[in-house]
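One structure below.
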Amino acid sequence: MNIDQIRELIQAVCDSGITELELERTGVKIRIRKEAPSSPAGSPTVTVETTGGVAPEVPGATGAAIPEGSGASPPAAAEPDLHVIRSPMVGTFYRAAKPDADPFVQVADRVRSGQTLCIVEAMKLMNEIPSDADGEIAEIYVNNGEPVEYNQALFGIRRTG
Amino acid sequence: MNIDQIRELIQAVCDSGITELELERTGVKIRIRKEAPSSPAGSPTVTVETTGGVAPEVPGATGAAIPEGSGASPPAAAEPDLHVIRSPMVGTFYRAAKPDADPFVQVADRVRSGQTLCIVEAMKLMNEIPSDADGEIAEIYVNNGEPVEYNQALFGIRRTG
Amino acid sequence: MFKKILVANRGEIALRVICACRELGIRTVAIFSEADRDSLHVRFADEAVCVGPAQSSESYLKVPSVISAAEVTDVDAVHPGYGYLAENAYFAEVCEACNVRFIGPSPQVIRLMGDKARARARMVQAGLAVLPGSRGALDSLDQALEVASGIGYPVIVKAAAGGGGRGMRIVRSPGELSSAFSTAENEARLSFGVPDLYLEKYLERPRHIEFQVMGDQHGKVVHFGERECSIQRRHQKLIEESPSVIVDQDIRERVGRQVEEALAEVGYSGAGTVEFLVDEDRNFYFMEMNTRIQVEHPVTEMVAGVDLVKLQIRMAAGEPLELEEPPRLRGHSIECRINAEDPETFRPSPGRITAFHVPGGTGVRVDTAVYSECQVPPYYDSLIAKLVVHAPSRPEAVLRMERALEMFIVEGVRTSIPLHQRIMKEPDFLAGRLDTGFMERYA
Amino acid sequence: MFKKILVANRGEIALRVICACRELGIRTVAIFSEADRDSLHVRFADEAVCVGPAQSSESYLKVPSVISAAEVTDVDAVHPGYGYLAENAYFAEVCEACNVRFIGPSPQVIRLMGDKARARARMVQAGLAVLPGSRGALDSLDQALEVASGIGYPVIVKAAAGGGGRGMRIVRSPGELSSAFSTAENEARLSFGVPDLYLEKYLERPRHIEFQVMGDQHGKVVHFGERECSIQRRHQKLIEESPSVIVDQDIRERVGRQVEEALAEVGYSGAGTVEFLVDEDRNFYFMEMNTRIQVEHPVTEMVAGVDLVKLQIRMAAGEPLELEEPPRLRGHSIECRINAEDPETFRPSPGRITAFHVPGGTGVRVDTAVYSECQVPPYYDSLIAKLVVHAPSRPEAVLRMERALEMFIVEGVRTSIPLHQRIMKEPDFLAGRLDTGFMERYA
């Protein structure tokens, strides 16, 4: 059973509207579920979870099927194990203390817990957002000057240590 | 078992409206579930459960589970294999040709195909309802003078021959 | 008043009648085919009887089954809804013979109005105008030319036995009439076996406007204003509204009074609709009369503040038609028919509805019998819901309809919602420039 | 007119405001807590911003978060709905300071009406009656006796700092006053640290009747008739209707005019409600004023044929209040609040709604933000839907409500539907014999 076959299976499940399919074969175990009736909110209900157990020949199959949550979830993580720093409030995201200053951090910078990573401005107040982990900046999810909402992912940190 | 077979299985599940199907074969184990939709009508939704045992090579075992509709189906059959005579029309059920006459048949009577079992009166017309099987009257599901609807079970016949 | 009514229909109109009965304290009996066992009209009726298999001809249309259901459930009246047996004079007669009140006009009146030629003649006699044309079949081309020059071009030549566009020719000048006449005659002979033709005035861009009426059994007939129903596709109405932008209070009163008088003369009782074609000079030409409640009755209910189905039942029970004041229209109402069909190809789209969420809030009404996880069977009409809005003015009603359409969620089957959304943005629609050719030009 | 409005609320009222904005062509921003990510108000807004975690205090009630959301989305107005920040004068001030229009009256007027004692004094000055009683705290038992004999028994003694029934005594004769006075004084001291008492007339069976008003920013205030809201449980309204059976056109015009004049004097603008207690002789005593749209505004919309939320927005944008004619009430409207709660114990019943089917048809309106398979979170108000009916008369409205309640299907959580069904059959309710003690006697 190869990746195309699995993809076809997923398609078959989705098209049919069934809720769960579990398939076990020597060395491979696949479980596909589809949340029952699509909510009127039409929210991203199709939560296809592929818990590819051993899966000797198809390691990438799982990652491909990870659904995107709505708004506040971290953007599709190329790297799955990043530590995510989130905005504690609604506001505007600034990478530097002043328009003409250097950014607090850049991708690949090493940071320590407590170090300021950015500012989120809310009601004219500049709120410094510190890191809560040691590591290296792997991703910056938001552009300078963009609005962020509560709990929105700002940085992805590759932990060290 | 290949992908096409599995696809067919899924289709079978969906068409039948069953909730769960488990299939195990040397090296292959398939489990298919379908959430029973909660209809607002809350009506006795057809929740057929097929627990198709081991079924070594018969994926068609699904077909065994015949869904029961509501209303017009035969009352819970003590005897599962009875041949059921149903009303071809809406009307009033009479066991005899005239109020003071003997009933056409009684429980335990032997009947032949073509023999009149009862009358269903509709719009002042007396419609004689014949048996379409040889056998013995095992059950009479309706009382004399009661209304019957289309396709309602009238008699259960234990086939002979 | 009746104690128990059998509702001889399915879908939203069956549910609509059941609602009316409940509000009048009347018990209800639903009938259903085997395909409709899980329908809401079955669920919400006090009793339900299966009358046959899925095919309408063997269930909802089968007179002996329906009558028999009425007898075994011992009802005192039958409400036929629309379609099916609603305009079947024979069914109405059988009901009467069985001592079951048919909720509608008398069988004689149903029969009169069912014969389109007789109906026209009767209405002309009662003072309504019809499209000018030849009375009956034409003897010859010469006679055709004479009639045509009398009424003025364009005219339309039609097969007397015909329908569906065959044996039909539009003629714009005397020079065209000769060839049109012989072609149409041939087509008529080939299609219907009869070459007879007749001829009448052809309206380029007519509106379809109809008057809602209600009559009691004591000689009183009242109209509830008009509905504009020009947005049709293959003679199927898609969008209806009340009032019509081209009908002012003077026209409404004049045509309304003519209708009331004409129907009082024929002894009309119950709900009914008088359909007109209206030309650009606002001349009203009687087309035909429907002797039943219509799909689009809610737009009239919204603006007139009445419950037509309750009124229908009360009229059938013999109550006199007493209204506090002559019905006055308030605001503007629009109905969109939500069909389970592809909005591009118009092909029916039956199947399981996986999500169903109706819009609500101020001035929004939804009449439907479907629900989440229900099955839309392939055997019947594709109408799954009627979305009706009401607002103080037409522009506000259109905006309200737009937001309601956007908030109407149907998944699992395709629907006409996107089509309606497009129509709501059409400049001609917004300007009220409507005629029966609207959809042809548009789609 | 505004280009974009932030709706600072959740649930049905947020959706209600979004509907109004759409019909006015205004873009919308929803705010939501993490528990409400899949809510319909989020889905139907043009933009949506998560403002905090599930707890209201950290999201919907958190002024900096809401203001910040308004700023990052660049809206020009905020609609607060009801509850949350709707009557928070500080929030209204911050909005103004940020150049975002708060859709409601000025912060000064919100503050005035929020201080119940000042509001009463101001309304007395403007000519409204309040319950007779001591102005401020009583010095002694002797003064209490004097005041009580002046206004007549029964009277009620209340802790000046109090609330919730503590330090409160009903006194029916002078002989009872002495012991009631000292007990209440003790309770007040123990409960609130201040022994001060005041005294006012006690109404045995008052009705709660309120007037809906709307003011523009040019000095004009108009009322839209009254609502009868006596059916309450622990000061939570359950059922509201308009008109009230005890208010005739004379009373409506008299009290309505008083209200209009009093509010014009204080420079009221936007939607508001003036609440009265009404005794058996139909005396209206001003209780308090709510400076926002109310939950029960739909009953007024149904009978007056207006869209109060659209009007509210237009007033906030500075439009003059121009109505074709003075609002006239047509028919009768009733609202039942459908709460996710046990109909016997009144305990909230949050959870997943597994089936949700709303009634439709003639004269039925449903305002809701829930849907099949949605989650009713345990953090907020238990109101999941408002079921509103409209009919020509009160008896017809009651029958319509009965059938609508029966056709309202909610599975997965318990609801107050069965409670409403029982109330609709209560002889006192049917006779319109309502007072604020109805539910106590009943449940």
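Chain identifiers are assigned alphabetically (A, B, ...) following the order of the sequence lines, protein sequences preceding nucleic acid strands; residue numbering begins at 1 within each chain.
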Margin query: Please classify the contact of C:Val364 with chain D as side chain, backbone, both or neither, using a heavy-atom distance under 4.5 Å.
Written below: backbone
Check: Below 4.0 angstrom, N of the basic side chain to O of the carboxylate: do C:Lys4 and C:Asp46 qualify?
Finding: no
Checklist line | Electrostatic pair D:Glu23:C:Arg403 at N-O distance under 4.0 angstrom | finding: yes
Notebook entry, point to check: Where does C:Val306 contact chain D at under 4.5 Å (heavy atoms): side chain, backbone, both or neither?
Noted result: backbone
Next item on the list: Could you point out which residue of D:Glu296, D:His332, D:Glu335, D:Met302 forms a side-chain contact (heavy atoms from CB on, under 4.5 Å) with D:Glu241?
Entry: D:His332
Checklist line | Part of C:Pro298 lying under 4.5 Å from any heavy atom of chain D | finding: neither
Notebook entry, point to check: Can a cation-pi geometry be assigned to C:Arg16 and C:Phe44, taking NZ or CZ under 6.0 Å from the six-membered ring centre and within 45° of the ring axis?
Noted result: no
Margin query: Counting C-beta onward and ignoring hydrogens, is there a side-chain heavy-atom pair between C:His297 and C:Ile13 closer than 4.5 Å?
Written below: yes
Check: Do C:Arg352 and C:Tyr371 meet the cation-pi criteria used here (NZ or CZ under 6.0 Å from the six-membered ring centre, within 45° of the axis)?
Finding: no
Next item on the list: Heavy-atom pairs under 4.5 Å with chain C are the metric here; pick the option from D:Glu301, D:Arg22, D:Arg330 that has the most.
Entry: D:Arg330
Checklist line | Region of C:Val389 in contact with chain D, defined by heavy-atom distances below 4.5 Å | finding: neither
Notebook entry, point to check: For chain D, which of C:Val398, C:Val366, C:Thr362 has the most heavy-atom pairs under 4.5 Å?
Noted result: C:Thr362
Check: Using a cut-off of under 4.5 Å for heavy-atom pairs, which of D:Lys310, D:Glu12, D:Met401 has the most such pairs with chain C?
Finding: D:Lys310
